[in-house]
There are 2 protein chains.
Amino acid sequence: MEISDRKKKILTAVIEEYIASAEPVGSKTIAELGDLDLSSATIRNEMAELTTMGYLEQPHTSAGRVPSPKAYRLYVNELMNRQRLSLEETDTINESLSNKIQQFDKLMSDVGKLASSLTQYPAVSVAAPRAATISRFDLIYVDANTFIAVAMLSNSTVQNKLVHLPFSVEQGMIVRLAAVFNTNFVGISDDKITPSLISSVERACGDTMGLVSVIAAFAIDTLNKAKEGEAYVSGASHLLRLPEFRDPDKAHELMNYLSDSEHLLGLPDDGVDDIQVLIGPENVAKELQDSSVVIARYNAGDNMRGIIGVVGPTRMDYSAVAAKLSYIAAGLSRLMGMSEAPRGFEKLQIKGMEMITDEHKEDSP
Amino acid sequence: MEISDRKKKILTAVIEEYIASAEPVGSKTIAELGDLDLSSATIRNEMAELTTMGYLEQPHTSAGRVPSPKAYRLYVNELMNRQRLSLEETDTINESLSNKIQQFDKLMSDVGKLASSLTQYPAVSVAAPRAATISRFDLIYVDANTFIAVAMLSNSTVQNKLVHLPFSVEQGMIVRLAAVFNTNFVGISDDKITPSLISSVERACGDTMGLVSVIAAFAIDTLNKAKEGEAYVSGASHLLRLPEFRDPDKAHELMNYLSDSEHLLGLPDDGVDDIQVLIGPENVAKELQDSSVVIARYNAGDNMRGIIGVVGPTRMDYSAVAAKLSYIAAGLSRLMGMSEAPRGFEKLQIKGMEMITDEHKEDSP
DNA sequence: TACTGGCACTCTCGCCCTCTGAGTGCTAAT
DNA sequence: ATTAGCACTCAGAGGGCGAGAGTGCCAGTA
């Protein structure tokens, strides 16, 4: 059966009422809203039909109706009106992002915190794994027992390691090693760094003290680290505020699931849309079957992708959450993803100096 | 009134029973343990006195007794027998630590996760703030628009930044800048990097394009980052397992408190003992008044101090938690704090190669 | 004098019962 | 097609009751 316009209106009203109250919605409540000029009896009939059509559910006979996942899906796809953020809200987000972006390594977790405090739901922040090779290598001589290894990766990140040695090396050796590494280790993936390569390099520069091994280990370590994704969860405690998680066992189950980042690292792969909503049973993980997830993807240039997501009950304010997340994601892409434009420069301004970015735009994209 | 030996024994029994069961303990339960050969009536009398002395409390007239904070304090100070970890447990810890220590920047949060999973309580991992200066500076030329700034700090950490420029610079300029920075910026604290210093340096190397500012900003940023402490919370969901946090509001309050790292950064300062137990009202924060905190301090060399702590109900298995935490802390100090011995070297072994460390010792220190 | 058995007393907790009220489905009237 | 009206259902709140755990106290015993 096709769903009539009037049914859609009623369904929308039920969903929005339920999102606000978390309690089953009765026909009388809807009638009294006054949006549609219908008696409660008429609405009752419509709601009965919506129930047989699978859009509404009754917890028990004499209770009101609760939207089904199918209803939320319809709501998200066509019923809800996409919310625009207020100027105030976009300003807050822009300001937070500008501040956060100063410290690149904390960015991931800070963005999660921002999303969480903005939406009042737990947020997950995930950086997609990305393959990388070393594109430049350097060794900085500090003293006879110490040098710093620096590796710049193909994804434009730089890693370093301070190495103390239990013996002395002369500066010339360090310089020679750097040169050899730059010819042998640049542009290859970590599984190409085999023991046989290491020993041939050892012979090439006359290293008998295991220096090459140490540096090669650093290279492997760095590449591995780059390959791994990262995942952070922020604001998990927001869950406990919600009526659907008053039961500590339920809350515990979900929080436990979220705290294992293994589960979250898979998220960035499937799905192509900029923003994606997974409602209840649409989630594959059984721990999420009663919850919904809103995910925004961003592209931070240099083949680094990430997602920022929010977890909540199926009764979630999809409209507001989606608007906020996509604004954050767009802001991230804008601030970080300008591969063409000069990068890094604008991140290094002294506090108080103006950021070199576009002027703030308050349109949510 | 002085507390007799027999009272101590009874108190210990009550505390341990309560720690295990989370329910008020009656005289009969203690009598049936058989540890002391006394009738329930005698124990009843003793418990009544312990109550007037302030060691026990009654939730209501006809319930058993619950230990007071004062009782836990006595228990921790002299009653409990300090637990030794099993060989198995120490092996697990040692192994985890060896693995974690590979990736220095994740160490903090990983150690928290370890403590949390070991104790089954939420854990906090805090790195104390530490002042630092730059002890060596280097700029690595990548291409005409790109260089890498590397700063080694007095605390032996190394930071770097990839800098893209919206214009070209020649390699000679980069080299000259590095030299100038090494003479002007080494050994000074961040508040010495004033605009006037920057402009004098700018004049010294003929920089008209703001390069010096960019690099100085990196220096300030790096020093600031080093000065800030870091705090992580792991395994907060463990709280929900505990009977005292079945009430979602209580759990929410504590989790909320913990999630704001501001509160935790203060922890490392006060207190001098290696291991410290704060019971209920001994905590200054009102959110912790009903909970206990066990803190272990470690010293990771290079003037880096940190604490690893566990938060739980006052009814906490102090003995086991303290043993585990202090073993972890000692392990950290051992693995990282060997300032005299070669450092860094042992962290860079290829996976599968043996770690260069002391053999595992199963003594808890 | 120190301990113990016994007993009356108290109070929580779980259980059952009842009652109320919200919400429904259906029918007859408009 | 819509609505008013009505009988029906059922969760949840409130009250009463009994069981059981634990206590304090007293009198008796070693």
Side-chain angles (χ1 to χ4, degrees), chain A residues 1-11 13-15 17-18 20-68 71 243-244 246-247, chain B residues 1-11 13-15 17-18 20-68 71 243-244 246-247:
Chain A
M1 199 217 292
E2 199 46 49
I3 184 168
S4 70
D5 263 14
R6 194 171 71 178
K7 280 199 179 60
K8 283 181 186 170
K9 275 186 190 152
I10 292 175
L11 188 57
V14 172
I15 291 174
E17 186 63 30
Y18 185 68
S21 74
E23 266 162 35
V25 182
S27 51
K28 204 177 146 206
T29 317
I30 300 300
E32 279 167 358
L33 284 179
D35 291 349
L36 334 99
D37 250 343
L38 294 171
S39 76
S40 72
T42 313
I43 291 172
R44 203 147 54 235
N45 288 330
E46 293 283 54
M47 281 171 75
E49 281 183 53
L50 282 167
T51 306
T52 60
M53 290 165 77
Y55 289 104
L56 293 177
E57 289 164 359
Q58 298 187 277
H60 56 265
T61 332
S62 78
R65 301 302 212 284
V66 165
S68 70
E244 25 277 283
R246 300 297 299 181
D247 176 4
Chain B
M1 196 215 291
E2 198 46 50
I3 184 168
S4 70
D5 263 13
R6 195 171 71 176
K7 280 199 180 56
K8 284 182 185 169
K9 276 187 189 151
I10 292 175
L11 188 58
V14 172
I15 292 174
E17 186 62 30
Y18 186 68
S21 74
E23 265 161 38
V25 182
S27 53
K28 205 176 146 208
T29 317
I30 301 300
E32 279 168 357
L33 284 178
D35 291 350
L36 335 98
D37 251 341
L38 295 171
S39 75
S40 72
T42 312
I43 291 172
R44 203 146 53 236
N45 289 329
E46 293 283 55
M47 281 169 74
E49 281 184 54
L50 283 167
T51 307
T52 60
M53 292 165 77
Y55 290 104
L56 292 177
E57 288 164 359
Q58 299 187 275
H60 55 265
T61 333
S62 78
R65 302 302 213 283
V66 165
S68 71
E244 26 277 284
R246 299 297 298 180
D247 176 4

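The chains referred to below are lettered A, B, ... by the order of the sequence lines, with proteins before strands, and numbering in each begins at 1. These figures come from a predicted structure and were not determined experimentally.
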**Asked** Does a side-chain heavy-atom distance below 4.5 Å link A:Val25 with A:Ile15?
**Response** no
**Item:** Interatomic distance, A:Glu49 CD vs C:dT24 C1' [rounded to whole Å]
**Value:** 15 Å
**Prompt:** Rounded to whole angstrom units, what separation is found between the CG atom of B:Asp37 and the P atom of C:dC3?
**Reply:** 12 Å
**Fill in**
Residues pairing under salt bridge (Lys or Arg N to Asp or Glu O under 4.0 Å) where one sits in residues 31-47 of chain A, two or more places apart or in two chains, turn out to be A:Arg6-A:Glu46, A:Lys7-A:Glu46
**Asked** Under 3.5 Å, is there an N or O donor on one side and an acceptor on the other linking the side chain of A:Arg44 and the base of D:dG5?
**Response** yes
**Complete:** To the nearest angstrom, the CD-C1' distance between B:Glu46 and D:dG24 comes to 15 Å
**Request:** Check if the side chain of A:Arg65 and the base of C:dG25 share a donor-acceptor pair of N or O atoms closer than 3.5 Å.
**Result:** no
**Asked** When rounded to the nearest 0.5 angstrom, what is the spacing between CD1 in A:Ile43 and CG in A:Leu50?
**Response** 11.0 Å
**Request:** Give A:Ala41 one of three labels, base, sugar-phosphate or nothing, depending on what nucleic acid heavy atoms sit under 4.0 Å from its own.
**Result:** base
**Prompt:** Quick one: which of D:dA4, D:dC10, C:dC11 gets closest to the side chain of A:His60?
**Reply:** D:dC10
**Asked** Taking CD1 from A:Ile43 and P from C:dA22, how many angstroms apart are they, rounded to a whole number?
**Response** 18 Å
**Message:** For a quick check of understanding: with a heavy-atom distance under 4.0 Å over all strands, which category does A:Thr42 fall into, base, sugar-phosphate or nothing?
**Reply:** base
**Prompt:** Within this structure, what is the NZ-to-C1' distance between A:Lys28 and C:dA22, rounded to whole angstrom?
**Reply:** 8 Å
**Request:** Round to the nearest Å and state the distance from A:Gln58 atom CD to D:dC8 atom C1'.
**Result:** 14 Å
**Message:** I want to check one thing: is the phosphate of C:dC11, taken as OP1 and OP2, less than 4.0 Å away from some side-chain N or O of B:Thr61?
**Reply:** yes
**Asked** How many Å lie between CG on A:Leu50 and C1' on C:dG25, as a whole number?
**Response** 16 Å
**Fill in**
Taking for A:Pro24 and for A:Asn45 the nucleotide of DNA chain C with the nearest heavy atom, the one nearer the 5' end belongs to A:Pro24
**Request:** Provide, to the nearest angstrom, the distance between the CD atom belonging to B:Glu17 and the C1' atom belonging to D:dG22.
**Result:** 15 Å
**Asked** If you look at every strand shown and take non-hydrogen atoms under 4.0 Å, does A:Ser27 touch a base, only sugar-phosphate, or nothing?
**Response** sugar-phosphate
**Item:** base_contact_polar (C:dC11 base, B:Ser62 side chain, donor-acceptor, <3.5 Å)
**Value:** yes
**Message:** Within the structure provided, determine whether B:Leu36 and B:Ile30 are in side-chain contact (heavy-atom separation under 4.5 Å).
**Reply:** yes
**Fill in**
Interatomic distance, CE@B:Met47 vs CD@B:Glu49, rounded to 0.5 Å, equals 12.5 Å
